[in-house]
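To start, the structure under review is shown below, and the notes come after it.
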Amino acid sequence: AQSVAQPEDQVNVAEGNPLTVKCTYSVSGNPYLFWYVQYPNRGLQFLLKYITGDNLVKGSYGFEAEFNKSQTSFHLKKPSALVSDSALYFCAVLRGGYNKLIFGAGTRLAVHP
Amino acid sequence: DGGITQSPKYLFRKEGQNVTLSCEQNLNHDAMYWYRQDPGQGLRLIYYSQIVNDFQKGDIAEGYSVSREKKESFPLTVTSAQKNPTAFYLCASSGYTSGLGDKGLEQYFGPGTRLTVT
């Protein structure tokens, strides 16, 4: 069965430091992977996706993610964190038809001044 | 939150009452989705629809019903049969059937409706 795991419930980072939010996946075939961000009491916003090609994917707000097939990972990264990056981050993988997504449980990112 | 609106933002109901959550999109997307979000559980798919007058059950459809009479609208009814209806409900759409290529795989989400049933 296809699944996504986000092993950390919360990540704490100091402003200006690099951040990483981890995601691992389990799928049959080639994975289509996504990162979304959710601010309090809001819907999800698309950050970036990996479909094929370059393993380093660049997205919105300075975020990027590295696809690693051997480690079945798709970690979200940013070189320098901002307090405004504090939010809930979801990793997701496409499954089956109809463009259905499977979401991880989410990781809360807290960036401290 | 793109071109998707959900109303109301907050909804309070008594146990045993059915309630309908609204979702409208002006993105001209064929596909629409309903998710339920509970703390620590991520998003779970309730129903999805690829085209007008067609919809499919997702992973947790019991106690919910939907309709898709118009391309722009995909209302969700939470029935009294749903044992634990208090949650944050999110509607989304995507244009994956619209010839958008990889761009069509991105789902656009509404702002959500927080339903509290007491």
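Residue numbers start from 1 in every chain, and the chains themselves are labelled A, B, ... in the order their sequence lines are given, proteins ahead of strands. Computed from a predicted structure; not experimentally measured.
A 6.0 Å sphere centred on CG of N30(A) holds no more than 12 heavy atoms belonging to other residues, nucleotides or ligands.
Contact annotation for N41(A): both backbone and side-chain heavy atoms come within less than 4.5 Å of a heavy atom of chain B. With a 4.5 Å cut-off on non-hydrogen atoms, L88(A) touches chain B through its side chain but not through its backbone. Interface residue Q37(B): only side-chain heavy atoms are found under 4.5 Å from chain A. Q41(B) touches chain A through its backbone: at least one of N, CA, C or O sits under 4.5 Å from a heavy atom, while the side chain does not.
Looking at R95(A) and L45(B), their side chains come closer than 4.5 Å, going by heavy atoms from C-beta outward. Residues L101(A) and Y33(B) are not in side-chain contact: their nearest non-hydrogen atoms beyond the backbone lie 4.5 Å or more apart. Residues Y48(B) and K100(A) meet the side-chain proximity criterion, which asks for heavy atoms closer than 4.5 Å. Counting heavy atoms from C-beta on, the side chains of Q38(A) and L90(B) come closer than 4.5 Å.
To the nearest 0.5 Å, atoms CD1 (I51(A)) and CG (L105(B)) are separated by 5.0 Å.
Aromatic ring centres of F109(B) and Y36(A) lie closer together than 6.0 Å.
In this structure, I4(B) is not a member of the same hydrophobic cluster as Y89(B), with clusters built from ILVMFWY side-chain heavy atoms closer than 4.5 Å.
Taking R44(B), E106(B), R114(B) one by one and counting their heavy-atom pairs under 4.5 Å with chain A, the maximum is reached by E106(B).
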